[in-house]
Amino acid sequence: MNALKKSVYRGLLPLLLLVMVGKVSAQNKSDFKTIRERIAKMIIAQTSDETLQKEVPELLKTEQCNGMWNAVDYHDKSMVDWKPIYHLYNVETLAIAFTKKGTKYYNDNSLYESINKGLNYWCEVQPTSNNWWHNDINAPKLLGRILVVMSVAPKPLDLSLKNKMIALMEKAPSPKEKTGANKLDIAIHNIYRASVTDDDKLMKFATEEAFQPLQFTEEEGIQYDNSYQQHGAQLHIASYGQVFLSGEYMVASWLVGTNYALSKEKTDILNDYFFNTYVPAIRGRYADFNIVGRRISRPNALDKKSLNEIGFEEGFLPFAEVVVDKSQKKDFENFVARTLEEKPSDFGVKPQHIYFWKGDYTLHQRPGYSFNVRTNSTRTKRTERGNDENLFADVLADGATNIQVKGDEYFNIMPVWEWDKIPGVTSRDYVEYEAVPKEKEWGIDGTTTFVGGVSDGLYGATVYTQNYDSITAKKGYFFFDNAVVCLGTDINSQADEPIVTTINQTLSKGNIYALQNGKINEITTNGKISADAIWHNNVAYIFPQKTDLSLTNEIQKGSWGRINTAHTDLPDVEEKVFKLWINQGVKPVNASYEYMVYPNSTKENLAVNFNNKDIQILRNDAKIQAVQNKKLNIVQIIFYESGSLKWDNQEIKVDKPCILQVRKLSRRNTEISVADPNQTEEEINVVYTSSRKSKNLKFDLPKGVYKGKTIQKRIRI
């Protein structure tokens, strides 16, 4: 390059840089405008014209000269229903009315003055709660929402008032100090703040923090098995995990097409959690009661129809639709149709079996039903109670079975549940079921290590070794297409109360029938019952051996306030409840049980299911629990110690405790799946023998965060 050209280049370089900076600045300015408008549009859409017409006149009438409302207790410090937050809800309603075109309040001067008075009063009083969440998340979030709405209003807020509100929001801790859904919530109100101040640095920081939870972690958040944990190793798929989904999809939808948009890698993680963990745990429009945490004690917690409605705080599906990949659109549309009940609960449902080795949770799904199991171990925590919610939650994680066909089987049953008879659980039968143990809040650590599951993606088995509330037991669950086999063995207790295993406790719908001495009879009495099989509400329960059963089908009474003190104002509840359980007696020694569940079955098939020889229980003792499905050519085995099992012309030996599945794929091809429930072994040696010859197999087990995951080998023998 000659001297003249160098001189020209040096002269043009600053100009080129200036033009580039100008373009970036212009792009950022456009991005902020886009983001503000998208957020404001969302917030405004969450309040209907009817609501505004009803509430705004009353709010204007009752607001005092200083900007307060007499109906709000500004001195309240409550942990849950914190009264001062209603002041900000009131102001937000006024801000929406002032900004929403087409309403009679649009650009109304008196309304504008009311908004200013209300905000100035809040900035002056600065109420606080004893719950950090209200102070650091809820209040700053509402201040941010009001700021965004007023940023697109026909008349903006006074700059000094805007700065006061921003100063209050800045008092909240950095999102870096939190994890999971809490990190996301704080990041969101930072996004609000950045959007109204055109702060590129803050927006980059806030969006990076908002999307930081979109990674696998050993802390709180998405686990390496794709489950979701919060409050330590506590399963929260549709509680904090739902808040996480709602927030991530919402933020991602705001940023589509801007410089702050979610990356492809993180979008894939978000969609994977939604489609492969959250969606399968919802049957029709209702969630598995095992995955909602302490929300189980809140009215309508299982109902997910509102996911479709942007007016609800967690109505995130409209946002998700913008973000999901084109290849997932059909599955997304099917899920929406099921939650809206436009299609039946089996519509578009694919068969799958997932074991979450980090979450101690089993998800078994078929088009005709879902059968999921919640357990716990020393690696996880039991279902939490806290903030005076979910007061009788203690045995919820002891092998609870959620059995759904239509989906609504457990909807709002919780106030009348007998809480020591959770479906699937072996527990003490207290005289008063309020007497279930209450050790502490926020989750109790599990006490046993041999808890796990094996899965090939379609079939699998789960083991729960129980040691809680003076009961020890070994519980196995074996999953096939039309049936799930539940085995219990080595059940021991020195407690004074009788020990029972509850088969189900669900809302009563329709008549009950029993197979007795080869005949199907309608059951109308309560108490002890002798039966080979029982049918109720599309589910058949089969008892291969004589079983000491009790059954009730009667009105049970309770209240939401009894299980959640935030709802003491709600009326008492009465529901007719179907309850079936096995009696193990007082101070049982080495007691056991066996039963099979055929969901999505008819009462006419009771005898057929009872006489079905395709499913055989091979062993149910302290050393081995094993079930064979001859039709599927599958044998599932829980080895509580090293040993061997023979069946037909086959035998399998293991040198360590494990859980495994042998699946014959063809005449000479066999697939063996193995997992280590203890999550301590490095290898397991297996010898598989067929009628032809033996095969020695060494399974090198997963390490680190993948301990407990299933590994498979296909052999030709």
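What you are looking at is a predicted structure, and each value in this text was computed from that prediction instead of being measured. If you read the sequence from its start, that first residue is 1, and numbering goes on from there.
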Query raised in the report: Given the rule in the side chain to side chain contact (heavy atoms under 4.5 Å, CB included) test, do Met596 and Val484 qualify, once you have shown the distances and angles that lead to the verdict?
Result: CA-CA 6 Å; Met596 303 177 187; Val484 177; over 6 Å; no
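- Put simply, the residue from Asp398, Asp394, Asp469 that forms a salt bridge (Lys or Arg N to Asp or Glu O under 4.0 Å) with Arg382 is Asp398.
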Query raised in the report: Step by step, would you call Ile659 with Phe639 a side chain to side chain contact (heavy atoms under 4.5 Å, CB included)?
Result: CA-CA 6 Å; Ile659 183 169; Phe639 285 102; over 6 Å; no
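- Within the 4.5 Å cutoff, the side chain of Gln466 has no heavy atoms near those of the Thr447 side chain.
- The aromatic ring centres of Tyr286 and Phe411 sit less than 6.0 Å apart.
- A distance of 6.0 Å or more separates the ring centres of Phe480 and Phe478.
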Requested in this report: Report the C-alpha distance between Thr680 and Thr449 in whole Å, list the side-chain angles of each, state the deciding distance to 0.1 Å, and finish with yes or no for side chain to side chain contact (heavy atoms under 4.5 Å, CB included).
Outcome: CA-CA 9 Å; Thr680 56; Thr449 60; over 6 Å; no
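- In terms of the salt bridge (Lys or Arg N to Asp or Glu O under 4.0 Å) criterion, Glu409 has no residue partners (sequence neighbours excluded).
- Between Asp655 and Lys653 there is no salt bridge, since none of the side-chain N atoms of the basic residue sits less than 4.0 Å from a carboxylate O of the acidic one.
- Looking at Leu363 and Tyr355, their side chains never come closer than 4.5 Å, going by heavy atoms from C-beta outward.
- Under the side-chain hydrogen bond (donor to acceptor under 3.5 Å, both in side chains) test applied with His364, the options Tyr459, Tyr369, Tyr477 reduce to a single match, Tyr369.
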Query raised in the report: Checking side chain to side chain contact (heavy atoms under 4.5 Å, CB included) for the pair Ile503/Leu549: CA distance, chi angles, key distance, verdict?
Result: CA-CA 10 Å; Ile503 298 169; Leu549 293 170; 4.0 Å; yes
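- Contact between Gly399 and Thr375 at its shortest, heavy atoms only, is CA-CG2, 3.9 Å.
- At least one side-chain heavy atom of Ile638 sits under 4.5 Å from a side-chain heavy atom of Phe450.
- Proximity of the aromatic rings of Phe479 and His353 is defined here by a centroid distance below 6.0 angstrom, and this criterion is met.
- Taken from OG in Ser642 to CD1 in Ile684, the straight-line distance is 11.0 Å, to the nearest 0.5 Å.
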Query raised in the report: side-chain hydrogen bond (donor to acceptor under 3.5 Å, both in side chains) between Thr362 and Thr462: does it pass, once the steps are laid out?
Result: CA-CA 7 Å; Thr362 305; Thr462 293; 2.6 Å; yes
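- Taking the side chain as every heavy atom from C-beta outward, Asn609 and Ser601 approach each other to under 4.5 Å.
- Of the listed residues (Phe244, Tyr278, Phe274), just one forms a ring-ring contact (aromatic ring centres under 6.0 Å, His included) with Tyr228, and that residue is Phe244.
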Report task. Just do the side-chain hydrogen bond (donor to acceptor under 3.5 Å, both in side chains) check on Asn564 and Asn390 with the steps written out, would you? Result -> CA-CA 6 Å; Asn564 186 331; Asn390 205 22; over 6 Å; no
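- Legend: residues meeting side-chain hydrogen bond (donor to acceptor under 3.5 Å, both in side chains) with Lys623, ordered by chain and number and at least two apart, are absent.
- Of the inter-residue distances, the one linking Ile491 atom CD1 with Thr426 atom OG1 reads 5.0 Å to the nearest 0.5 angstrom.
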Requested in this report: Carefully, step by step, assess Tyr706 and Tyr224 under the rule ring pair (Phe, Tyr, Trp, His ring centres under 6.0 Å).
Outcome: CA-CA 7 Å; Tyr706 296 102; Tyr224 282 85; 5.7 Å; yes
Query raised in the report: Would His231 and Glu384 satisfy side-chain hydrogen bond (donor to acceptor under 3.5 Å, both in side chains), going step by step from the backbone distance to the final call?
Result: CA-CA 9 Å; His231 292 170; Glu384 71 182 10; 2.8 Å; yes
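- Rounding to the nearest 0.5 angstrom, the gap separating the CG atom in Asp676 from the CG atom in Leu660 is 11.5 Å.
- Proximity of Gln352 to Pro280: side-chain heavy atoms (C-beta onward) are separated by under 4.5 Å at one or more points.
- Within a 6.0 Å radius of CD in Glu682, other residues, nucleotides and ligands contribute 12 heavy atoms or fewer.
- Here the CG-CG distance, from Asp272 to Leu214, works out to 11.5 Å after rounding to the nearest 0.5 Å.
- Here the CZ atom belonging to Arg374 is positioned 12.0 Å from the CG atom belonging to Asn402, to the nearest 0.5 angstrom.
- By the 30° and 60° cut-offs, the orientation of the rings of Phe275 relative to Phe332 is perpendicular.
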Report task. In sequence, state the C-alpha distance, the side-chain angles, and the governing distance for Tyr541 and Tyr595, and then conclude on ring pair (Phe, Tyr, Trp, His ring centres under 6.0 Å). Result -> CA-CA 7 Å; Tyr541 309 93; Tyr595 66 92; 7.5 Å; no
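- Both the sub-6.0 Å distance and the 45° axial angle are satisfied by Lys713 relative to the ring of Phe699.
- Cation-pi contact between Lys509 and Phe578: absent, since separation from the ring centre below 6.0 Å together with deviation from the ring axis within 45° is not met.
- Environment of CD in Glu651: crowded, with over 12 heavy atoms of neighbouring residues, nucleotides or ligands closer than 6.0 Å.
- Side-chain contact between Val627 and Leu487 is present, with heavy atoms from C-beta onward closer than 4.5 Å.
- Comment: Lys474 engages Asp490 in a salt bridge, judged by a side-chain N to carboxylate O separation of less than 4.0 angstrom.
- With contacts defined as side-chain heavy-atom distances shorter than 4.5 Å, the pair Val662/Ile652 qualifies.
- At least one side-chain heavy atom of Trp419 sits less than 4.5 Å from a side-chain heavy atom of Leu396.
- Residue pairs meeting the salt bridge (charged side-chain N to carboxylate O under 4.0 Å, His left out) criterion with at least one member in residues 277-288, sequence neighbours excluded, are Arg285-Asp303, Arg285-Glu341.
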Report task. For side-chain hydrogen bond (donor to acceptor under 3.5 Å, both in side chains), just list the numbers for Gln650 and Tyr688, CA-CA rounded to whole Å, side-chain angles, deciding distance to a tenth of an Å, and then say yes or no. Result -> CA-CA 8 Å; Gln650 301 170 73; Tyr688 173 67; 2.5 Å; yes
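- With sequence neighbours excluded, the residues forming a side-chain contact (heavy atoms from CB on, under 4.5 Å) with Asp429 are Glu418, Asp420, Lys421, Pro498, Val500, listed by chain and number.
- Around NZ of Lys698, the count of heavy atoms belonging to other residues, nucleotides or ligands within 6.0 Å does not exceed 12.
- The side-chain contact (heavy atoms from CB on, under 4.5 Å) search around Lys707 returns Gln679, not counting sequence neighbours.
- Counting all heavy atoms, side chain and backbone alike, Ser592 lies closest to Asn620 at CB-ND2, 4.1 Å.
- The salt bridge (Lys or Arg N to Asp or Glu O under 4.0 Å) search around Arg379 returns none, not counting sequence neighbours.
- The minimum heavy-atom distance between Trp581 and Thr502, with the atom names listed, is CB-CA, 3.8 Å.
- Atom CD of Gln242 sits about 5.5 Å away from atom CZ of Phe316, to the nearest 0.5 Å.
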